[in-house]
Amino acid sequence: MRTRRAALLGALATVSMLAASACGATANKEDSGSVGGKDKPVSGLRLMVPNTPGSGYDVTARTVAQVMQGAKVASGVQVYNLPGAGGTVGLQRLVNEKGNGKLAMQMGLGVVGAAYTSKSEATLTDTTPLAKLIEEAGAIVVSKDSPYKTIDDLVKAWKKDPKKVSVGGGSSPGGPDHLLPMQLAKAVGIEPKKVNYVGYDGGGELLPAILGNKVAFGASGFGEFLDQIEAGQVRVLAVTSEEAIPAVKKAPTLKSSGIDLVFTNWRGIVAPPGITEDQKETWIDALTRMHDSTQWKAELSKRGWTDAFATGDEFATYIKEQDKSVADLLTELGLA
C-alpha cells in the first residue's frame with residue numbers, strides 16, 4: 001500500500017537580471033501568441049522559475065529554453081527566477097497576470113503541496129495547464145565525508161534518533177523533497193511526525209547545506225546533484241525509482257536495498273488564466289515541437305529524466321488528481 005501511495009504521489013545558473021516586476025506588464029493582445037506560421041520560431045516568450053537558481057525547476061526551465069532556441073522553435077526565450085514560499089510567490093504573480101499569453105511558469109509537484117501549506121490564495125486550478133514534461137526519481141544523498149556509506153547505515157542511525165538525524169530538502173512542507181522523506185520514514189518504521197525536516201527554497205540552497213554537513217542527508221531529485229556526484233563531492237546512497245538509473249550507475253534503488261518504496265517527482269508548465277485559445281495553442285505547439293526534437297531527447301538521456309509529455313486537458317486532469325492526492329496526505333500529516 002505504501003508503494004502504491006508513494007508511486008501515486010510521485011506520478012503525483014545564473015539568475016536573469018530581468019527584474020521580477022517586469023512580469024507585471026500584461027502583453028498586448030496583438031502580440032500575445034502570434035507565431036507567424038507554425039514552422040517559424042515564436043518570439044517574446046518568458047518562462048518564470050518560482051524558486052532559486054540551481055533548483056530542479058530552474059534546470060528544467062533553462063533546458064527547455066535552450067532546446068527551444070537550438071531547435072529553432074523559439075527565439076530569445078527569457079528565463080527568470082521569482083522565488084519564495086515554496087513557489088507560491090511565483091504562482092500568485094502568474095495568476096495576477098491574467099490574459100498574458102507570452103508568460104508561463106515552470107512548476108511541478110512541489111507547487112501543488114506548497115499551495116496548501118503556504119495557505120496560498122492562488123492555486124494551480126486557477127492557471128492554464130500547458131504541458132507536463134518529465135518525471136524524475138528522487139535520491140538520498142550525503143556529503144563525501146559523511147559517516148553514512150550505505151542507505152542501511154543511514155537508516156540504522158535515523159531509526160535510533162530521528163530528531164538528531166536531520167534531512168534537508170529543496171522544497172517547503174508539501175513539496176516532493178518533503179513528501180519523499182516522510183514516505184521513506186513510514187517505509188522504515190519511523191513516525192513521520194518525528195522526522196527533523198529542514199526545508200530550503202530549491203536545490204540551489206539545499207546543496208551547500210549538504211556539502212557543509214548542516215543536514216545529515218538530503219532528499220531531492222538526483223538531477224540537481226549530477227555535477228557534484230560526478231565530481232565526487234556528493235555520494236548517492238539510493239535512488240527512489242523502480243529500476244536503477246544509468247545516470248547514477250553505482251546507486252542502488254531503495255527496493256533493491258530492501259526498502260519497499262518507489263517515488264517519482266514530475267514537472268510541467270502552466271500559463272496565466274484568461275489567455276486565448278490561440279495563445280494556449282501557441283505555447284502547446286512550441287512545447288510539442290521542442291519535445292519532438294532530437295535535442296530534447298538528448299537532454300532526457302543526459303539528465304536521466306523520464307519522458308512524461310502530456311498537454312492541455314490531459315495535463316489539467318492530471319493536476320486535479322495530484323491536487324487531491326497531496327491534499328489527502330497533508331491532511332493525514334496535519335499540514336492541510
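- With hydrogens and angles disregarded, no donor-acceptor distance shorter than 3.5 Å links the side chain of Arg93 to the backbone of Met48.
- In this structure, the side chains of Leu179 and Leu330 come closer than 4.5 Å at one or more pairs of heavy atoms.
- A donor-acceptor contact shorter than 3.5 Å is absent between the side chain of Asn51 and the backbone of Pro83.
- Considering OG1 of Thr128 and CD of Glu277, their distance stands at 9.0 Å, rounded to 0.5 Å.
- In terms of heavy-atom proximity, Val89 sits nearest to Ala85 at CG2-CB, 4.1 Å.
- Residue Gly108 comes nearest to Tyr57 through the heavy atom pair N-OH, 3.1 Å, listed as atom of the first residue, atom of the second, then distance.
- Side chain of Lys280 to backbone of Pro129: no donor-acceptor contact under 3.5 angstrom is found.
- By the rule that hydrophobic residues join a cluster once side-chain heavy atoms approach within less than 4.5 Å of another member, Leu154 and Val234 end up as members of separate clusters.
- In this structure, Tyr197 and Asp177 have side chains that are in contact, with non-hydrogen atoms separated by less than 4.5 Å.
- When atom types are taken as modelled, the side chain of Asp58 and the backbone of Gly54 share a donor-acceptor pair closer than 3.5 angstrom.
- Distance NZ/Lys72 to CD/Gln295: 9.5 Å, rounded to 0.5 Å.
- Expressed to the nearest 0.5 Å, how far CG of Asp307 lies from NZ of Lys132 amounts to 10.0 Å.
- Put simply, the side chain of Asp153 gets close to the backbone of Lys149: a donor and an acceptor are under 3.5 Å apart.
- Within the 4.5 Å cutoff, the side chain of Arg303 has heavy atoms near those of the Val59 side chain.
- Few gaps surround CG on Asp145; more than 12 heavy atoms of other groups in view lie less than 6.0 Å from it.
- Between the side chains of Thr125 and Thr123, at least one donor-acceptor pair of N or O atoms lies under 3.5 Å.
- Under a hydrophobic clustering in which Ile, Leu, Val, Met, Phe, Trp and Tyr are joined whenever their side-chain heavy atoms come within less than 4.5 Å, directly or via other members, Val270 and Tyr116 fall into the same cluster.
- Put simply, CG on Leu333 and CG on Asp328 are 11.5 Å apart, with the number rounded to the nearest 0.5 Å.
- Transitive grouping of hydrophobic side chains (ILVMFWY, heavy atoms separated by less than 4.5 Å) keeps Val188 and Val215 in distinct clusters.
- When all heavy atoms are compared, the tightest approach of Glu224 to Arg267 is OE2-NH2, 4.0 Å.
- For the pair Ser293 (side chain) and Met290 (backbone), a donor-acceptor distance under 3.5 Å is present.
- The nearest pair of heavy atoms linking Gln106 to Leu47 is N-CD1, 3.9 Å.
- Among all heavy-atom pairs drawn from Ala219 and Leu180, the shortest one is CB-CD2, 3.9 Å.
- Between the side chains of Thr253 and Ser256, at least one donor N or O lies within less than 3.5 Å of an accepting N or O.
- Partners of Ser75 under the side-chain hydrogen bond (donor to acceptor under 3.5 Å, both in side chains) rule, at least two apart in sequence or in another chain, do not exist in this structure.
- A heavy-atom distance below 4.5 Å is found between the side chains of Leu94 and Pro272.
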Give the C-alpha distance, both sets of side-chain angles, the deciding distance and a yes or no for side-chain contact (heavy atoms from CB on, under 4.5 Å) between Trp296 and Ile134. CA-CA 11 Å; Trp296 181 249; Ile134 62 166; 3.8 Å; yes

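- At a threshold of 4.5 Å between non-hydrogen side-chain atoms, the residues Leu91 and Leu124 count as touching.
- Sorted by first and then second residue, the pairs that involve residues 213-253 and meet ring-ring contact (aromatic ring centres under 6.0 Å, His included), not counting sequence neighbours, are Trp158-Phe217.
- In the displayed structure, Lys156 atom NZ is contacted under 6.0 Å by at most 12 heavy atoms of other residues, nucleotides or ligands.
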Could you give me the CA-CA distance, side-chain angles and deciding distance for Val64 and Leu287, then say whether side-chain contact (heavy atoms from CB on, under 4.5 Å) is met? CA-CA 8 Å; Val64 166; Leu287 290 167; 4.2 Å; yes

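- With rounding to the nearest 0.5 angstrom, the CE atom of Met182 is 10.0 Å from the CD atom of Glu191.
- The nearest pair of heavy atoms linking Ala271 to Ile275 is CB-CD1, 3.8 Å.
- Here the side chain of Gln78 pairs no donor or acceptor atom with the backbone of Arg46 at under 3.5 angstrom.
- Within a 6.0 Å radius of NZ in Lys297, more than 12 heavy atoms belonging to other residues, nucleotides or ligands are found.
- In this structure, Met105 and Leu82 have side chains that are not in contact, with every pair of non-hydrogen atoms separated by 4.5 Å or more.
- Residues Leu133 and Val111 share a hydrophobic cluster, clusters being chains of Ile/Leu/Val/Met/Phe/Trp/Tyr side chains in contact below 4.5 Å.
- Side chains of Asp161 and Lys163 form a contact here, defined as non-hydrogen atoms less than 4.5 Å apart.
- A side-chain donor-acceptor contact under 3.5 Å links Glu136 to the backbone of Gly223.
- Within the 3.5 Å criterion, the main-chain N or O of Pro173 finds a donor-acceptor partner in the side chain of Thr117.
- Here the side chains of Phe263 and Leu254 are not in contact, with every heavy-atom distance at 4.5 Å or above.
- Applying side chain to side chain contact (heavy atoms under 4.5 Å, CB included) to Val42 and the options Asp285, Val77, Thr282 leaves one that passes, Thr282.
- Classified by interplanar angle (parallel below 30°, tilted 30° to 60°, perpendicular above 60°), the ring pair Trp266/Phe315 is perpendicular.
- Considering CG of Leu130 and OG1 of Thr311, their distance stands at 9.0 Å, rounded to 0.5 Å.
- Residues Val142 and Leu206 do not share a hydrophobic cluster, defined by chaining ILVMFWY side chains whose heavy atoms lie under 4.5 Å apart.
- A donor-acceptor contact shorter than 3.5 Å is absent between the side chain of Gln183 and the backbone of Leu261.
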